[in-house]
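Following: one structure in structure tokens, then a few remarks.
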Protein chains: 2
Amino acid sequence: MNEKPTPTRGRPKTLDRDQVLQAALMEYWSKGPRDVSISDICGLTGTSKPGVYREFGSDDGLKASVLETYHRLAILPLIDILEKDQSTIDAIDALISFMTQDRTNLGVPQGCLFVMMRAEAQQLGPSTCAKLHEVRRQLLDAYEAWITCSKSRGDFADIPTDVAALFMDAQHGGAMRMQREGVPNDTVVSVLGTALRMLVLGEKPDVITH
Amino acid sequence: MNEKPTPTRGRPKTLDRDQVLQAALMEYWSKGPRDVSISDICGLTGTSKPGVYREFGSDDGLKASVLETYHRLAILPLIDILEKDQSTIDAIDALISFMTQDRTNLGVPQGCLFVMMRAEAQQLGPSTCAKLHEVRRQLLDAYEAWITCSKSRGDFADIPTDVAALFMDAQHGGAMRMQREGVPNDTVVSVLGTALRMLVLGEKPDVITH
DNA sequence: ACCTTTTCGTACCTCTAATTACATTAAGCA
DNA sequence: TGCTTAATGTAATTAGAGGTACGAAAAGGT
């Protein structure tokens, strides 16, 4: 609906929206969304503060846009794993692999911006909070759909679907926090494996054979 | 070692250390440690800012002292449950009951200050961080001791002790966050029951019969 | 009474955050 | 060559944080 009509008049735009979004994403992700100021982002991108405000409206607007970017970058791939047609145990292994990818090699910070934002939601603006709830709901729905599907195959433990979804969400959050607290990746893999394999019928709670 | 010699000279002290600690505790706990300023606490307790600085040295000092208070109030009772001589399943039920107590009736905020501080550790001062690590270590040690003990009774699943301890810590954190996100208490009980009962040999992953 | 000790609290300092007023610049169009 | 449009960025504003300088107050000792 809001297609930019590419106006031919006026001074040409030099502010690179994507560059700002990328820089802000990495800063928020690595330092925490509340520990990065608009000025920081301006300094990093060589843009001016009014430029950022013109583009995003406010701190809240920028954070909401960054969360949307993060959603595409890191949450949708998670949901894709859940929606892919594969065995329950394969999905779990894929989830664990995805969550515990080697971040340093990927040039990506430890932890999860979505998880961090949820922890600091109290101090985020209304747009960011709304987006946060939306992403949370979408993720929980994806978990529930996946669980329902697994149950229909008879692979899944006898746990209420909503409870199991919250459990999985909690494990994801826990893993992301362990990552940030410096717990070794192998250990995070073990904890996640322990937690998630428990959900599968016929699986022993052994350490994942990665 | 630092026993106050109760000096008989000089203007008598009017600042009530415990009152400040209690007020700060409740504010940090309910609003998050980073969203409460020294001025807020002064306003709540009727003390002056220099008074607080004289007593606690700095923001960091106050937060560290509050964490110590919180440790006595809410972490040691948790550790006591682990150290009590009872069956594995009884301990788990006790843990779940303790974590999911009705906070509104107790006049105590939702969630856990220790968990919140860990999430914001990056921005806390050195004393608070040190205390945070100390409490974390103490809690993990208590989990590990309890797990070892349970294993020796043959009640516990075949999971490495350190991994199981991190798992339990993650469940605690997850439950505290769900509480703060407004998940109904019954649901939190179910999720915790699902998670922790999985650790017990011979228990079915049913919803807790509370 | 006066000195010493200890605590008190007002008023200030310094910084940094978010946000904006406004003059300027760079384009197309007449 | 101007006029219009739409973007630009410097420099300010406002608010609130952590922290402190310093003179006054309240006690005991002499």
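Throughout, a chain's letter reflects where its sequence line sits, starting with A, and its residues are numbered from 1. Scope of the values below: all heavy atoms of this structure, side chains included, with no hydrogens, waters or symmetry mates.
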What nucleotide, of [options], holds the atom closest to the side chain of [X]?
X       : options                : result
A:Pro50 : C:dC29, D:dG19, C:dA21 : C:dA21
A:Ser48 : D:dG9, D:dT5, C:dC8    : D:dG9
A:Tyr53 : D:dG19, C:dT5, C:dT19  : C:dT19

*Check: D:dG9 base within 3.5 Å donor-acceptor of A:Arg54 side chain*: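 Yes, a donor-acceptor pair under 3.5 Å.
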*Answer with yes or no whether B:Lys49 presents, from its side chain, a donor or acceptor under 3.5 Å of a partner atom in the base of D:dT20.*
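No pair found.
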*asked:* Just to be sure I understand the rule, does A:Thr14 reach a base, reach only the sugar-phosphate, or reach nothing, if contact means heavy atoms closer than 4.0 Å?
replied: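 Since only primed, P, OP1 and OP2 atoms lie under 4.0 Å of A:Thr14, the category is sugar-phosphate.
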*B:Ser58 near the nucleic acid: base, sugar-phosphate alone, or nothing, with a heavy-atom cut-off under 4.0 Å?*
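Sugar-phosphate contact only - B:Ser58 comes under 4.0 Å of backbone atoms but never of a base.
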In whole Å, I'd like the distance from the [atom1] atom of [X] to the [atom2] atom of [N].
X        : N      : atom1 : atom2 : value
A:Lys31  : C:dT16 : NZ    : C1'   : 15 Å
B:Ile41  : D:dA17 : CD1   : P     : 11 Å
B:Asp16  : C:dT7  : CG    : P     : 15 Å
B:Ile38  : C:dT14 : CD1   : P     : 20 Å
B:Gln123 : D:dA17 : CD    : P     : 16 Å
A:Asp59  : C:dT16 : CG    : C1'   : 13 Å
B:Lys63  : D:dA17 : NZ    : P     : 11 Å
B:Leu15  : D:dA25 : CG    : C1'   : 16 Å

_Quick check on C:dT5: is either OP1 or OP2 less than 4.0 Å from any side-chain nitrogen or oxygen of B:Arg11?_
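For B:Arg11, the contact criterion (side-chain N or O under 4.0 Å from OP1 or OP2 of C:dT5) is not met.
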*Phosphate oxygens OP1/OP2 of D:dG16: is one of them under 4.0 Å from a side-chain N or O of B:Ser37?*
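No, B:Ser37 has no side-chain N/O under 4.0 Å of OP1/OP2 on D:dG16.
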*Intermediate values then yes/no, side chain to side chain contact (heavy atoms under 4.5 Å, CB included), B:Leu192 and B:Arg197*: CA-CA 8 Å; B:Leu192 268 179; B:Arg197 282 162 180 269; over 6 Å; no
Assess the side chains of [X] and [Y]: does a donor N or O sit below 3.5 Å from an acceptor N or O?
X        : Y       : answer
A:Glu134 : A:His71 : no
A:Thr88  : A:Asp90 : no
B:Asp60  : B:Ser58 : no

_As a quick check of understanding, evaluate side chain to side chain contact (heavy atoms under 4.5 Å, CB included) for A:Arg17 and A:Val20, giving each step before the final call._
CA-CA 5 Å; A:Arg17 189 176 215 269; A:Val20 174; 5.9 Å; no
*Mapping B:Lys13 and A:Asp40 onto DNA chain C by nearest heavy atom, which one lands closer to the 5' end?*
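On the 5' side of the pair lies B:Lys13.
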